[in-house]
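Data block below; observations after.
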Amino acid sequence: MMETKGTPGRPAKVHFPIRRTLVVGGIDFPKIMNENTTVSCLRCGKEFLVNGDTAYRTRQNKLDDMPYIRCPNCGYRAAVIYYFDRVVAKGDK
């Protein structure tokens, strides 16, 4: 995966689509999160877009390249793997 280096004190930007492979019981499940995907917050349940404003990397662990998603409504943050199953289908709105 090609990463760009952030400026000192700032982590690298998250590039879309975000791709991860989850392994459950020895079976691979490839997951993709595109930019401007609508998800519902894990805490407050409100819907928001995953984009450059809500997806970021942390500075705390330099080895961790996992993007995090932050809800703009309540501020709750969680790793992107928890939001793959929280995508709101277009017909559900």
Side-chain angles (χ1 to χ4, degrees):
M1 178 188 321
M2 184 177 170
E3 297 294 327
T4 59
K5 297 192 184 253
T7 59
R10 177 176 284 179
K13 285 183 173 182
V14 173
H15 294 283
F16 291 92
I18 300 169
R19 298 175 191 268
R20 289 286 181 268
T21 300
L22 305 179
V23 180
V24 179
I27 300 172
D28 292 351
F29 294 94
K31 301 287 187 172
I32 298 174
M33 177 79 62
N34 292 310
E35 190 169 17
N36 294 322
T37 298
T38 303
V39 296
S40 61
C41 178
L42 294 164
R43 179 188 283 166
C44 71
K46 294 194 178 187
E47 295 177 1
F48 64 94
L49 295 177
V50 175
N51 56 33
D53 294 331
T54 56
Y56 64 94
R57 288 194 166 77
T58 64
R59 290 180 275 188
Q60 298 164 348
N61 185 353
K62 295 191 187 290
L63 299 176
D64 184 13
D65 72 339
M66 179 70 66
Y68 285 81
I69 308 296
R70 185 183 154 284
C71 175
N73 300 302
C74 70
Y76 184 74
R77 85 169 189 164
V80 70
I81 60 171
Y82 297 107
Y83 278 99
F84 284 125
D85 294 329
R86 302 288 294 196
V87 172
V88 176
K90 291 180 181 178
D92 292 346
K93 291 184 181 179

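In this chain, residues are counted from 1 in sequence order.
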Exercise. Can you check whether Val88's main-chain N or O pairs, donor with acceptor, with Ser40's side chain at less than 3.5 Å?
Worked result: no
For [X] and [Y], which heavy atoms make the closest approach, and how far apart are they?
{"X": "Arg57", "Y": "Val14", "result": "NH1-CA, 3.4 Å"}
{"X": "Gly52", "Y": "Glu35", "result": "N-OE2, 4.1 Å"}
{"X": "Cys71", "Y": "Cys74", "result": "SG-N, 3.5 Å"}
{"X": "Val24", "Y": "Phe29", "result": "CB-CE1, 3.9 Å"}
{"X": "Phe84", "Y": "Arg20", "result": "CE1-CB, 3.9 Å"}
{"X": "Thr54", "Y": "Phe48", "result": "CG2-CD1, 4.1 Å"}

For this session: Evaluate the criterion side-chain contact (heavy atoms from CB on, under 4.5 Å) for residue pair Met33 and Val39; output intermediate values, then yes/no.
Result: CA-CA 10 Å; Met33 177 79 62; Val39 296; 4.2 Å; yes
Problem set entry | Inter-residue atom distance Cys41.SG - Arg77.CZ, 0.5 Å rounding |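 The SG atom of Cys41 sits 13.5 Å away from the CZ atom of Arg77.
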Exercise. How far does CD1 of Ile81 sit from OG1 of Thr21, to the nearest 0.5 angstrom?
Worked result: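 The CD1 atom of Ile81 sits 12.0 Å away from the OG1 atom of Thr21.
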Which residues pass the side-chain contact (heavy atoms from CB on, under 4.5 Å) test with [X], not counting sequence neighbours?
{"X": "Asn34", "answer": "Pro17, Ile32, Thr37"}
{"X": "Leu42", "answer": "Tyr76, Ala78, Tyr82, Tyr83, Arg86"}
{"X": "Asp85", "answer": "Lys31"}

Exercise. Lys46: what forms a side-chain hydrogen bond (donor to acceptor under 3.5 Å, both in side chains) with it, not counting sequence neighbours?
Worked result: none
Exercise. Quick one: side-chain hydrogen bond (donor to acceptor under 3.5 Å, both in side chains) partners of Asp28, sequence neighbours excluded?
Worked result: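 In terms of side-chain hydrogen bond (donor to acceptor under 3.5 Å, both in side chains), with neighbours along the sequence ignored, Asp28 is linked to no residue.
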Problem set entry | Side-chain touch Met66/Thr58, heavy atoms, less than 4.5 angstrom |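 Of all side-chain heavy-atom pairs linking Thr58 with Met66, none is under 4.5 Å.
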Exercise. Should Phe16 and Val50 count as side-chain neighbours, where that means a heavy-atom distance under 4.5 Å?
Worked result: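 Side chain of Phe16 against side chain of Val50, heavy atoms only: contact under 4.5 Å found.
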